[in-house]
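Everything below concerns the one structure shown next.
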Protein chains: 2
Amino acid sequence: MEAKTILKEHVSKIAALSDTEFDYFFSHFKPETFKKGQTIITEGQDVDKEYFVLSGCLKTFFVNDEVKMYILQFAMPTWWASDYAALYNKTKATISVDCVSDVELLSLSNNDREKICRELHQAEHFFRWRTNKGYVATQKRLLSFMNNDTKTRYEELLALYPALYNIVPKHLIAAYLGVSRETLSRLYNASK
Amino acid sequence: MEAKTILKEHVSKIAALSDTEFDYFFSHFKPETFKKGQTIITEGQDVDKEYFVLSGCLKTFFVNDEVKMYILQFAMPTWWASDYAALYNKTKATISVDCVSDVELLSLSNNDREKICRELHQAEHFFRWRTNKGYVATQKRLLSFMNNDTKTRYEELLALYPALYNIVPKHLIAAYLGVSRETLSRLYNASK
DNA sequence: TTACGAATGTGATCTACATCACGTAACCAA
DNA sequence: TTGGTTACGTGATGTAGATCACATTCGTAA
């Protein structure tokens, strides 16, 4: 399916934009493709874009001083990804984004997002909705982190991303769950 | 300070509303006061409002099957609180909100928020900004949960809410950190 | 096809924190 | 003031998961 159609279907669920308005909205997005393993946002550098996933899978992650990686999100088609803290506050990235598989994206600069939000009330409405959805999802995940043990969180992850298990290496799943790869391996093999 | 002034100062940092527009915006808010210990949102019930804190302190929290409580947020003056998942999806509350101290609030119904967002582009802009701020803060907290040990998170909490330590009982601080009150007690007394 | 690095499995140990159990101190309400 | 509830401190013990160490398998590039 064409990039424009995918984005239109996604946005029109929430925002009532005329065809002309959507064309204008869409004109601010730029198609980009990356290969598996390529880095899109690097920790410590400037961030000026966010990304809408058309195909493939991104991961957004944080690496601490001991070089341990924690995955905040796997971004699948029609999901959005960036380091939003850095993007909005114009600070250096603390979060990185790279490609779990080959990907097709649409990129949108921070300036252009703010511009179309000013110019089109419905665009502002759409982005309010989108951020709200992310907020609620993150809060739910935080709660799950506090309340559930690793096994429960593992099952939740598979429910949330059923395709994921076959797509990504297990150490990435461990990094999403916040446990060591050894623990995940034992967990997985014990329940067979 | 008057409720209207407090909200106006808060909103005008982000949204350019004329005095007339702000009066209209404000007319959808309803002042409410509660005593320490009173419950504002109860798990399992309907949610139709969100709350802006004028004075005092709220907590939003989740209680699991084993009656263990986890605090998602302490809401201080000019902060907002609700069960946003329930509010937006019109589902029953899974999160409760109650009063850590006597509080003065402004309440806003879900319908009225959506109404003023439709009617005033700048209101929509404000709520997009507000939700984004919450999203970024929650993501940061999630990361801290994955990456930092209890002691570090304890220090982060005191940096985020310097006043809190003297205001709330320690078992609530433990519930925010996601550790037992015994562990927090030992942690605190060891570092003296 | 070979070969080398990456991904995975599995045992042995270590540790932060939970849980249980109990005692003391603080805070109200009658 | 007294009795009862809630907050807080601290020891003893249990456990999930981290860490280290090594073996095995897989994937990809030469």
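Just so it is clear: chains get the letters A, B, ... in the order the sequence lines come, proteins before strands, and each one is counted from 1.
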- Message: Is B/T150 close enough to C/dC17 that one of its side-chain N or O atoms is under 4.0 Å from OP1 or OP2 there?
- Response: yes
- Task: Look at the side chain of A/V179 and decide which nucleotide, out of D/dT19, D/dA18, D/dA12, has an atom nearest to it.
- Result: D/dA18
- Item | A/Q139 side chain to B/T138 side chain, donor-acceptor N/O pair below 3.5 angstrom | no
- Message: Does B/K140 have more than 12 heavy atoms from other residues, nucleotides or ligands lying within 6.0 Å of its NZ?
- Response: no
- Message: Could you tell me how far apart A/I173 (CD1) and C/dA7 (C1') are, to the nearest whole angstrom?
- Response: 13 Å
- Query: D/dA7 P sits how many Å from B/L184 CG, rounded?
  - Reply: 14 Å
- Using whole Å, report how far CG of B/L172 lies from P of D/dA7. 8 Å
- Message: Under a 4.0 Å threshold between the charged nitrogen and the carboxylate oxygen, would B/K151 count as salt-bridged to B/E156?
- Response: no
- Message: Taking 4.0 Å as the cut-off, does a side-chain nitrogen or oxygen of A/T183 come that near to OP1 or OP2 on D/dA18?
- Response: yes
- Query: If only side-chain N and O atoms of A/H171 are considered, is one of them under 4.0 Å from the OP1 or OP2 phosphate oxygen of C/dT8?
  - Reply: yes
- Using a cut-off of strictly less than 4.0 Å between a heavy atom of the residue and any atom of DNA chain D, enumerate the qualifying residues of residues 59-75 of chain A by number. A/K68
Can you list, pair by pair, the side-chain donor-acceptor contacts under 3.5 Å of residues 160-169 of chain B, counting residues two or more places apart and other chains?
from	atom 1	to	atom 2	distance (Å)
B/Y161	OH	B/F74	N	3.4
B/Y161	OH	B/F74	O	3.3
B/Y165	OH	B/Y188	OH	2.8

- Message: Between B/E114 and A/R128, does any NZ, NE, NH1 or NH2 come within less than 4.0 Å of an OD or OE carboxylate oxygen?
- Response: yes
- Among C/dC17, D/dT10, D/dA18, the one nearest any side-chain atom of B/D149 is C/dC17
- Side chains of A/D23 and A/T20: do they bring a donor and an acceptor to under 3.5 Å? no
- Query: Rounded to the Å, how far apart are B/N148 CG and C/dC17 P?
  - Reply: 11 Å
- Enumerate the residue pairs fulfilling ring-ring contact (aromatic ring centres under 6.0 Å, His included) with a member in residues 91-125 of chain A, sequence neighbours excluded, ordered by first and then second residue. A/H121-B/H121
- Message: Students often mix this up, so state it plainly: with edges at 30° and 60°, are the rings of B/F127 and B/W80 parallel, tilted or perpendicular?
- Response: perpendicular
- Item | Approximate separation, where rounding is to 0.5 Å, of B/L177 CG and B/E155 CD | 10.5 Å
- Task: Report the distance from atom CG of A/L187 to atom P of C/dT10, rounded to the nearest whole Å.
- Result: 13 Å
- Item | Rounded interatomic separation in angstrom, taking NZ from A/K170 and P from C/dT8 | 5 Å
- Base-contact (B) and sugar-phosphate-only (S) positions in nucleotides 21-30 of chain C, heavy-atom cut-off under 4.0 Å, - elsewhere: B---------
- Task: For the residue pair B/F25 and B/F29, categorise the inter-ring angle as parallel (less than 30°), tilted (30 to 60°) or perpendicular (more than 60°).
- Result: tilted
- Salt-bridge criterion met for B/D112 and B/K49 (N-O under 4.0 Å): no
- Message: Categorize B/G37 for me: base, sugar-phosphate, or nothing, with a 4.0 angstrom heavy-atom threshold over every strand shown.
- Response: nothing
- Query: How far does the helix from C/dT1-D/dA30 to C/dA30-D/dT1 bend, going by the axes of its first and last five pairs, to the nearest 10°?
  - Reply: 50°
Under 3.5 Å, side-chain donor or acceptor atoms of residues 55-64 of chain B against the rest of the protein: list the pairs with distances, not counting sequence neighbours.
from	atom 1	to	atom 2	distance (Å)
B/S55	OG	B/E104	OE1	2.7
B/K59	NZ	B/D98	OD1	2.9
B/K59	NZ	B/D98	OD2	3.2
B/T60	OG1	B/Q73	N	3.3
B/N64	OD1	B/E66	N	3.0
B/N64	OD1	B/V67	N	3.2
B/N64	OD1	B/K68	N	2.9
B/N64	ND2	A/N147	OD1	2.6
B/N64	ND2	B/E66	OE1	3.4

